[in-house]
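Some notes on the structure that comes next.
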Amino acid sequence: MKEPLTFALAKGRLLDETLPLLHLLGIEPVEPLTGSRKLMFETNRPDVRLLVLRATDVPPYVERGGAHLGIAGKDTLMEYDSDGLCEPVDLGLSKCRLMTATRVGATLPDTGRITVATKYVNVARRYFASKGRQIDPIKLYGAMELAPLVGLSDVIVDVVDTGNTLKANGLEPRELIAHSSARLVVSRVAMKTRYQQIAPIISQLQQWADTNACH
Ligand code: PRP
């Protein structure tokens, strides 16, 4: 038998929102996806298996053929920025905004480099370049909000949902870089080699997203 279709999911918040979609697709993991150290899961469908990865690892797994398709945030996809991936469905889940933020009331120097703390280094570089500004990026993996408070950076680039994290840390949102939501992501290779299996998934998820967007 051909290797099963491999579907990469992001652990964390997005995983909880993804489970009902799997159910809709008739894909049921044979054991719970959370609470164990396992990373690969069989499903009720012998032709489908699941990987549970860090959100930032979904794009490289899909692009490099470790998985055929996956679900990833647009923020993560913008940072990964690959031509080898297509995003056939905007699922409209995990909506947030990629924004710049500073200490409340802070003014930025008019010229010269700006120090930017972020896990979205590529996004930040592209955004500030589009404004004619060069940056000194500081790559962080979490707690970006602390950086301006301790003088590590002038600005952060991060995802903002309610804005509570910024507020709780004496920061304020400044410029909107992009809106983000979860996308179905498929490698361009799998789109050709696994089209028969992937096409119904795309159409079912598209239908679900269309219905969901109306409410
Ligand atoms: C994100 C982000 C902020 C927070 C923003 O972190 O990095 O810290 O959410 O949400 P808010 O505007 O509603 O306060 P997340 O909890 O996703 O975890 P992370 O630090 O692993 O990215």
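Start at 1 and go down the list; that is how both ligands and their atoms are numbered.
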Handout entry: side chain to side chain contact (heavy atoms under 4.5 Å, CB included) partners for Asp136, two or more places apart
Key =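 Result, side chain to side chain contact (heavy atoms under 4.5 Å, CB included) vs Asp136: Arg113, Thr115.
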Could you list the donor-acceptor pairs under 3.5 angstrom formed between side-chain atoms of residues 170-179 and any protein atom two or more places apart in sequence or on another chain?
residue : atom : partner : partner atom : Å
Glu172  : OE2  : Gly105  : N            : 3.0
Arg174  : NH1  : Thr102  : OG1          : 2.6
Arg174  : NH1  : Ala106  : O            : 2.9
Arg174  : NH2  : Ala106  : O            : 3.3
Glu175  : OE1  : Tyr127  : OH           : 2.3

Problem - Ion pair check, Asp158 and Lys119, cut-off under 4.0 Å - result: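 Looking at Asp158 and Lys119, the cut-off is not met.
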Handout entry: Carboxylate-amine/guanidinium proximity below 4.0 Å for Glu3 and Arg49
Key =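 Looking at Glu3 and Arg49, the cut-off is met.
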Problem - Residue pairs, two or more places apart or on separate chains, that pass salt bridge (charged side-chain N to carboxylate O under 4.0 Å, His left out) and touch residues 177-194 - result: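 As it turns out, the salt bridge (charged side-chain N to carboxylate O under 4.0 Å, His left out) pairs with a partner in residues 177-194, which skip direct neighbours, are Glu87-Arg183, Asp90-Arg183.
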Handout entry: Flag side-chain contact, heavy atom, 4.5 Å: Glu31 against Lys38
Key =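 Yes, side chains in contact.
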Problem - Under 4.0 Å from ligand 1 - residues by heavy atom, chain and number - result: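 Residue list for ligand 1: Arg13, Lys119, Glu145, Asp158, Val159, Val160, Asp161, Thr162, Gly163, Asn164, Thr165.
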